[in-house]
Structures are given as C-alpha cells and as structure tokens.
Amino acid sequence: MIQLSRWKVILVAASLFFGVLLALPNMLSDAQREALPAFMPKNKLNLGLDLQGGSYLLLEVDVEAMRAKRVETMAEDVRQTLREDRIPIVSVRPEAGGVVVTVPEAQAELAATALRKLVQATPGGVADRAVTPQAGGAIRYGYTETGLRNLGPTAVDQSIEVVRRRIDSLGTREPSITRQGADRIVVQAPGESDPAALERVIGQTAQLTFQMVDVENSQSAFQTGIIPPDAQLLQGEDGTPYLVKKRVIVSGESLVPDRTNVTTDQSGRPAIGFAFNGAGATRFGQATTQNIGKPFAIILDGKVISAPTINSPILGGSGIIEGGFSIAQASEMVNLLKGGALPAPLKVEERRTVTAELGADAVKAGALSTAIGFVIIVLFMLLAYGFLFGGVSVVGLILNGILIVAAMSLTQATLTLPGIAGLILTFAVAVDANVLIYERMRDEARAGRSVIASMDAGFNKAMGTIIDANLTTLVAAAIMFIFGAGPVRGFAWTLSIGVFTSVFSSVLVAQVLLAYWLKTARPKTLPIAETVK
Amino acid sequence: MTWWPLIKVLPQKTNFHFVKYARYAAVLSVVLCVASIVACFVPGLNMGIDFRGGASMEVAKPAGQTIDLEAVRGSVAELNLGDVGVQGIARRDTNVQDGSTAVLRFQVPEGRDQTAVVNQVESAITAAVGEVTYSGVSVVGSKVSGELFTSGLLALGVAIALMFAYIWFRFEPQFGFGAVAGLLHDVILTFGLIVLFKLEFSLNMVAAILTVIGYSMNDTVVVFDRLRENLRKYKTMPLREVIDLSLNETLSRTIITGVTAVMVLAALAVFGGEALFGFSIALMFGIIVGTYSSIYVGAPIILLWGVKRGELTEDAKPVKLGMASRP
C-alpha cells in the first residue's frame with residue numbers, strides 16, 4: 001500500500017522550501033535583492049538577449065591573414081638582420097609558415113648564427129620559431145610545428161583580451177565575451193547599446209606603426225608602378241598615396257596606455273597624445289636623429305593617418321598624432337590604442353540585435369501565454385479528474401513551476417523566448433505523468449482491486465513508463481543542447497530542467513498527498529474510477 | 001458523485017479495432033509522406049536567414065502611422081541587393097497588424113561588407129519613409145548559415161538514430177523499427193506542413209521538430225510499454241488483438257495528454273506573438289501527427305514484422321517475452 005514515508009514528505013517539503021528560496025529573488029526589486037543577507041541566493045533568471053534586448057556578435061579570428069602578415073614581417077626581419085651583418089642575400093621566399101633565405105654557401109653558417117638572434121628575441125619564453133639550415137646555402141626561418149599550431153589559439157586568447165578591454169572602455173553593462181570553437185569569439189552585450197559602435201570598436205585591428213616614408217623612390221614608384229622590395233604603397237585617409245618603408249620603427253605595442261590621451265594640437269584641434277616605453281623611445285629617438293628633414297608615416301590599420309616631417313630628434317618618446325579628427329573620433333581611437341591591437345583581423349560572421357522594447361514585448365507575450373497555458377491545464381485537470389486528483393496534479397504543477405524558476409536561477413541558464421515555449425510545453429507534459437498514474441489506477445480499479453491496491457499498482461506500474469517516456473524527451477533535449485546554437489540551447493536547457501522537475505514534482509507530490517488522503521479519508525472507492533450511472 | 005470529472009464521460013473501456021484500418025492508414029501515411037518530401041524540393045522550404053544567410057530587419061513607426069511598403073521596396077531595390085522581401089507584420093506590443101511594422105529580408109551580396117550594406121539599407125529606408133526604429137536586426141554570414149544548416153540536419157539525424165538505439169535497447173529491434181518509422185513519419189509530415197503554410201524554416205523550427213521527436217517518442221513508448229506488458233500477460237492472444245488491446249488501454253491517456261498539449265500550444269500560437277507563431281503551429285501539428293503515428297504507424301509495423309514470441313503455436317506454450325527474456 002502507499003505509505004506516507006517520512007523521507008518523501010521531507011523531500012517534498014525541502015524542495016518546496018529551497019525552491020521558493022531560490023526563486024524568491026525574481027520577485028524582488030534590485031534594491032531589495034541587494035539588501036538581502038549574504039547567505040540568501042541573489043540570482044535572478046538570466047534572460048536571453050531576445051528577452052532583454054542587446055547585441056550578439058559572432059566574430060571570426062582571421063588566423064590565415066595573421067599568419068601571412070607574420071611571414072611578411074619575418075621576411076623583413078631576415079633582410080634587416082643579414083644586411084646589418086653584411087651577408088649578401090640571393091633570395092628570400094615565403095614557405096608554409098616561414099621564409100627560406102638563400103645566401104652564398106660559404107656564409108650559410110654565419111647567416112644561421114645571425115638569424116638565431118631573431119628566435120631568441122621572440123617574446124614569450126618558449127620559442128615558437130626555429131632557424132633550420134638546409135642544403136645549398138638555404139636557411140629556413142619560420143614557425144615550428146608547435147608554433148604554427150599554437151598560432152590560432154593564442155590569437156583567439158589575445159583577441160578576447162583586447163576585445164574585453166575595448167568593450168569595457170565603452171561602458172557596456174555586463175558584456176559576455178566567450179570563445180567558440182577553434183577560431184571564434186562570441187560577444188553578447190545586453191541592454192540598450194549601440195550595436196554599430198560596438199561593431200566599429202571591436203572590428204578595428206588598431207595596429208599602429210611608425211614607418212619612414214621612402215622619399216628617394218616615391219616619384220619613380222608613383223610613375224612606373226615599380227615598388228622596391230623593402231617598401232610598400234599605402235594610402236592616406238584622403239586617398240593620397242604614400243611609399244612607405246616596410247621596416248617598422250616603433251609599433252603600438254610600445255605605447256604606454258596611461259599616457260595615451262586626447263589632446264589638442266597647436267591650433268587647438270583634437271589630436272592624440274602618446275608616449276613610448278623605454279625601448280620604444282630609444283628606437284624612435286635613433287630613427288628621428290638619423291632622418292632629420294625626412295617625413296615618417298603614422299599608420300593605423302594600413303592607412304596613413306599623417307606623415308609629418310622630422311624637424312628635430314624626438315628623444316623623449318612622446319608626441320601627438322594629428323589627423324583632423326573630431327573629438328569623438330579621437331577618443332574612440334585613444335580607447336582602441338589603449339586596449340592594444342588585435343593580433344589578427346576579426347570578421348563579423350553573425351550579428352543579432354534586439355532593442356530593449358522588443359525584448360520587453362517578447363517577455364510580455366511570453367508571460368501572457370504562460371499564464372494562459374497554465375490556467376488551461378489547471379482547468380482541464382480539475383475538469384478531468386475532479387478537485388481531489390486534479391487538485392493534486394495542480395499542486396504538483398505549481399511546485400514544478402517554482403522548481404523550474406529556482407533551478408534556472410541557480411544554474412544561471414539563459415531563458416530565451418523559445419525557452420518560454422519549452423516551459424509551457426513542460427507544463428503540458430508534466431501532467432502526463434499524473435495522467436499515466438491515474439489512468440493506471442483506473443485500470444486496476446476496473447480489474448476489481450481495492451482502492452489501496454489499485455493506487456499502489458498505479459504508481460508502481462506507471463513509473464517505468466514515466467521514466468521511459470521522459471528519458472526520450474531528455475535525449476532530444478540533450479541533442480538540441482549539443483548541436484544547437486543560441487536560442488535553441490536555451491530551449492533545450494529549459495526542457496531538460498523541466499523533465500527532471502516535472503517527474504519529481506508530479507510523482508512525488510501526488511504520492512505524498514494521495515497517501516495522506518488515503519490515511520485520513522479511508523475511501524471505499526476510487527473517486528476517479530466510479531462509473532457514470 | 002459529481003458530473004464534472006471529464007474522464008467519466010469518456011468511455012471506460014474502448015474496443016476500437018485500430019489494426020483493421022491500418023492498411024488504409026498506411027496508404028494515407030505513405031501518400032502524405034511522399035507529398036511532403038516532394039514539397040520540400042518543389043516548391044521547397046522557406047529558409048530563414050539562419051540557414052540561408054543574409055539579413056532580416058524589423059522596422060517600425062509609432063502606433064497609428066503606416067509604413068509605405070512600396071516606397072521601402074523601391075528605395076531598397078536601388079541598392080542592388082537582389083531579391084528583397086518586404087512584409088508587414090503585427091505590432092509587438094498590441095499583436096495587431098496595423099501597417100506600422102514591417103520586416104525586411106535580403107541577402108548580403110558576396111564580397112560586400114555586411115555592416116556597410118545594413119547601414120546603406122537603413123539610410124535608404126529613412127530617405128524613403130522618414131524616421132523609423134529598427135527593433136530587431138539579424139545578419140548571418142553565409143559561412144555560419146551553412147554550418148547552422150548542417151548542424152541542424154545533423155541534430156535531427158542523431159536524434160532519430162539515438163531514439164532507435166534507445167528503443168532497441170529497452171525493447172526489441174522490431175519495436176525500434178516501428179518507433180523510428182513513426183518518428184520519420186512525424187518529421188517528414190511536419191516538414192510538409194512547414195512548406196504548406198510557408199512557415200519560415202529557422203533554428204527555432206529545428207528545435208520544434210526535435211521537440212516533436214521527443215513527444216512522439218514519449219507517446220510511442222507509452223503504447224509500446226503497454227504492448228510489451230500485455231504480450232507477457234496474454235501469451236496466447238494473437239498479436240493483432242494484443243496490439244488493439246494495448247492501444248485501447250492507453251487511449252484515454254493518449255487523448256488527455258494530447259489534448260492538453262495541443263490546447264496549451266494553441267494559447268502559445270495566439271498570444272506568443274510573431275516570433276513563436278510558426279514554432280507553436282509546427283509543434284501543435286507535430287503532436288497531433290505524433291499521436292496518430294503511435295497508433296497507426298508504430299504498432300502496425302510491429303504487426304507486419306511480427307514479434308518473437310517463442311514457439312507460439314496452437315498449443316500456446318507459455319513463453320517469456322520482451323525484457324523478461326533477457327538476462
């Protein structure tokens with residue numbers, strides 16, 4: 001017979017208590033939640049961007065472009081190093097993740113020794129590059145296999161850091177920046193934010209370099225189109241072409257973030273003030289000393305911002321960049337420079353924006369349909385099984401609702417609009433467990449068993465079916481969670497939580513309440529099994 | 001007692017000969033399935049931007065004002081974006097279509113910058129119909145959309161395979177085949193409905209179909225559970241009668257649960273707004289079809305296949321069945 005076992009009563013009471021406790025913060029205002037003592041749970045339901053409004057960006061780190069760029073820099077470094085050591089170069093050609101330089105065979109060893117300095121100069125401790133002498137005076141300088149493999153993950157990690165710093169400077173509320181797969185970053189910025197600004201700020205590589213303008217070859221290069229191997233053709237903001245030496249004097253990495261700010265030039269127009277760290281200042285000082293009277297180019301993301309002529313050596317390592325900026329542009333650029341350059345270009349692959357009003361409307365629609373759905377189920381169950389048995393399911397249903405809210409608040413799973421639909425469906429299927437049990441009881445009663453025996457058999461025999469039936473839903477939800485993206489995952493999570501809480505609450509609550517009823521009322525007949533006269 | 005417990009109105013014991021009509025049901029199912037599969041190619045699914053890539057923008061004017069859809073169409077057409085869909089939808093706050101809200105769908109041409117194109121479209125619309133608010137903007141790149149589509153189909157495939165494995169493990173291979181035939185039937189017909197009503201096939205729709213799979217299995221498992229139990233209980237009863245008996249015994253549960261779910265989903269379709277409409281319609285249909293299939297697809301296939309009931313002859317030797325036959 002059904003026993004009103006103590007542990008079941010305790011379990012139901014405990015789940016009700018903790019359920020209410022964990023669901024409670026959702027009923028309170030922010031101020032009230034803050035005032036709660038430390039041991040009280042404070043987490044509210046975590047609403048998805050489709051419900052609270054905000055922007056979602058899926059960015060892809062262009063590792064391939066970064067690798068190509070790095071190899072180009074390697075070639076430049078190799079030329080520079082060998083030139084300094086006066087070793088003649090026969091050829092430099094790129095090769096998968098590195099360059100192969102050929103020198104006269106007699107000087108191959110010397111060249112290899114010289115190039116090894118480059119490997120030691122690599123920051124980060126573990127050498128990801130190697131110098132490998134090959135036959136016939138050829139030397140490969142490039143990434144090792146490990147180095148090449150780590151390139152992508154490292155770039156993504158660094159990009160996440162940079163993106164975080166930049167978004168923080170925008171003052172966006174609680175953004176979430178996460179890694180997805182091998183080379184993707186997901187940025188979720190809830191609340192009212194300007195998605196265009198977000199995209200602009202995130203999307204810029206902000207690679208700042210100072211390079212010398214190749215004055216000697218400019219004219220001939222513009223006329224003939226023949227560009228010297230150590231130079232490149234870049235454009236200014238207004239389209240003016242510049243022939244610029246490939247060698248980088250100083251790059252944005254040498255900037256001191258705290259001393260990068262918005263300032264004004266002599267005529268009072270907005271400009272960007274900057275300062276280099278020690279090593280950067282030294283290099284900049286040397287270059288400006290050697291090149292008085294020549295212009296150098298300040299380049300941001302491949303565009304020449306300005307190309308001032310060096311009037312005197314700049315030894316202090318600080319200066320300003322003029323470029324006809326507006327205040328807003330200047331401050332955005334300062335933020336970008338402070339945040340550091342992205343190691344690789346980021347491409348926006350997916351972008352979804354929902355305004356806060358639209359989100360609020362979705363919440364309203366969701367809440368309304370949940371309430372209506374709930375009322376329908378309650379009415380239907382009461383009509384179908386009467387106040388006693390139907391009422392028992394309704395109590396289970398209410399506990400189920402509390403537990404779902406509690407579990408979602410506790411785990412901070414994201415509730416999305418389809419998630420609300422999942423919730424409603426969970427309610428509909430939650431009563432299925434009760435229906436299965438009750439129908440079993442009626443079967444047993446019809447077969448002539450006593451009230452107690454048929455109730456007992458109802459629970460026992462239906463249990464296997466309930467487990468089987470719900471496991472299948474759980475399997476479907478698990479698949480949605482594994483393969484699904486964004487809102488589908490929210491749906492899957494809500495559905496899974498709902499499966500657990502609904503089996504728990506509908507079966508256990510029904511057992512406890514009906515056992516209590518059995519004990520106190522000592523019924524002669526099963527109310528739901530009576531036949532109509 | 002009282003009149004209102006509804007279940008007392010339902011006949012306590014039904015004795016429908018479901019299996020008798022299985023042949024006709026099978027013809028109907030096959031015809032509908034074939035029609036649905038054909039429809040998925042011609043005219044084809046109405047793919048949302050999740051799977052096709054491109055952009056979707058929701059534009060709205062304050063309540064009471066109307067957006068001139070023709071003007072929007074004309075202004076956006078000049079941007080050479082190819083096919084641009086402009087459609088009036090219901091206002092989010094009132095759920096009424098009063099011409100103040102519209103949705104635009106277009107492809108971002110290969111090689112053009114997504115953000116730039118969206119900005120161009122925004123200024124073109126402002127130029128054509130004045131200030132509007134952009135409440136929801138989604139842009140999906142072709143790479144991501146391709147991946148989403150593959151993973152969506154993969155999810156459906158894996159779900160069906162896992163259900164098959166589950167039923168095989170918990171019951172018998174024959175049950176597994178019956179269950180999977182029922183599942184495929186439901187999934188295919190739901191696709192057919194999506195095409196028929198021109199619902200947008202999006203990520204949410206995949207979630208809806210996966211849920212239909214979950215529900216349909218739920219239904220099938222309840223029937224199969226009873227079938228297995230009855231096969232053990234009535235060892236000499238002919239298979240077709242056991243199937244009929246099991247279907248009849250679970251019928252009241254099938255109806256009550258199905259009706260609750262459909263009613264609740266109907267509420268969701270009516271009050272859930274534009275975003276959930278297609279989703280809840282597909283679910284509702286899937287549940288109806290799922291209920292039908294557990295009666296008319298799953299069980300008859302078992303009859304067709306037969307269940308190992310040992311050496312069941314006219315002497316009716318008692319045999320062990322189902323799980324009981326396993327260690």
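Proteins get letters first, then strands, A, B, ... in listed order; numbering begins at 1 in each.
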Option in A/A428, A/A367, A/A462, A/A469 with maximal non-hydrogen atom pairs under 4.5 Å from chain B:
A/A469
Does any heavy atom of chain A fall under 4.5 Å from the side chain of B/M217, the backbone, both, or neither of them?
both
A/L425 and B/I287: side chain to side chain contact (heavy atoms under 4.5 Å, CB included), yes or no, with the steps?
CA-CA 11 Å; A/L425 191 69; B/I287 283 176; 4.2 Å; yes
Picking from B/G136, B/S145, B/A269, B/S142, which has the most non-hydrogen pairs under 4.5 angstrom with chain A?
B/G136
Once you round to the nearest 0.5 Å, how far does NZ of B/K143 lie from CD of A/E60?
3.0 Å
Heavy-atom nearest pair, B/A159 first then A/I479, reads CA-CD1, 3.1 Å
Test item: A/D468 side-chain N/O and B/V221 main-chain N/O as donor-acceptor pair under 3.5 Å:
no
I want to check something: taking the side chain as every heavy atom from C-beta on, are B/V140 and A/R352 in contact at a cut-off of under 4.5 Å?
yes
CG of A/L417 to CG of B/N204, rounded to nearest 0.5 Å, is 7.5 Å
I need the A/L436 CG to B/T254 OG1 distance, nearest 0.5 Å.
8.5 Å
Under a 4.5 Å heavy-atom cut-off, does chain A meet the side chain of B/N218, its backbone, both or neither?
both
Between B/S216, B/S138, B/A60, B/S280, which has the largest tally of heavy atom pairs under 4.5 Å with chain A?
B/S138
Heavy-atom distances under 4.5 Å only: say whether B/V270 touches chain A with side chain, backbone, both or neither.
neither
When the 4.5 angstrom heavy-atom criterion is applied to A/V429 and chain B, the contacting part is side chain
Considering only heavy atoms and a distance below 4.5 Å, find which of B/L156, B/I49, B/I167, B/D50 pairs most often with chain A.
B/D50
Is atom OH of B/Y166 surrounded by more than 12 heavy atoms (other residues, nucleotides or ligands) closer than 6.0 Å?
yes
Please determine if B/E249 and A/K461 form a salt bridge, counting it only when a charged side-chain N lies under 4.0 Å from a carboxylate O.
no
Region of B/L210 in contact with chain A, defined by heavy-atom distances below 4.5 Å:
both
So does B/R226 pair up with A/E439, basic N to acidic O under 4.0 Å?
no
Note: vs chain B, highest number of non-hydrogen pairs under 4.5 angstrom among A/T465, A/T473, A/V475 is A/T465
Interface moiety of A/L58 toward chain B, non-hydrogen atoms closer than 4.5 Å
side chain
Quick one: pull up CD1 in A/I424 and CG in B/L276 and give me the separation to the nearest 0.5 Å.
7.5 Å
If you look at every heavy atom in B/V264 and A/G373, which pair is closest and at what distance?
CG2-O, 3.8 Å
Taking only Lys NZ, Arg NE, NH1 and NH2, and the carboxylate oxygens of Asp or Glu, determine whether A/D443 and B/R253 approach each other closer than 4.0 Å.
no
Heavy-atom proximity to chain A below 4.5 Å, by part of B/I160
neither
For B/G272 and A/A365 the tightest heavy-atom approach is O-CB, 3.7 Å
Tell me which of these, A/N434, A/L368, A/V435, has more heavy-atom pairs under 4.5 Å with chain B than the rest.
A/V435
Can you check side chain to side chain contact (heavy atoms under 4.5 Å, CB included) on A/F491 and B/T211, steps first, answer last?
CA-CA 10 Å; A/F491 178 74; B/T211 314; 2.9 Å; yes
Taking atom CD1 of B/I256 and atom CZ of A/F380, what is their separation to the nearest 0.5 Å?
6.0 Å
So which part of B/F224 gets closer than 4.5 Å to some heavy atom of chain A, the side chain, the backbone, both or neither?
neither
Go through the steps for A/F483 and B/L154 under the test side chain to side chain contact (heavy atoms under 4.5 Å, CB included), then give the verdict.
CA-CA 8 Å; A/F483 289 94; B/L154 192 65; 3.2 Å; yes
For chain B, which of A/R184, A/R351, A/K347 has the most heavy-atom pairs under 4.5 Å?
A/R351
Which pair of non-hydrogen atoms, one from A/G464 and one from B/D225, has the smallest distance, and what is that distance?
C-OD2, 3.8 Å
For B/L265, is it the side chain, the backbone, both or neither that has a heavy atom under 4.5 Å from a heavy atom of chain A?
side chain
Work out which heavy atom in A/T472 is nearest to a heavy atom in B/G214; give both atom names and the distance.
OG1-O, 3.8 Å
Tell me, yes or no, whether the heavy-atom count around B/F277 atom CZ, taken from other residues, nucleotides or ligands under 6.0 Å, exceeds 12.
no
Name the region of B/V262, side chain, backbone, both or neither, that has any atom closer than 4.5 Å to a heavy atom of chain A.
neither
Taking every heavy-atom pair that is under 4.5 Å apart, which of B/D219, B/L283, B/I213, B/V222 has the most such pairs with chain A?
B/V222
Roughly how far apart are A/I372 CD1 and B/F271 CZ, rounded to 0.5 Å?
3.5 Å
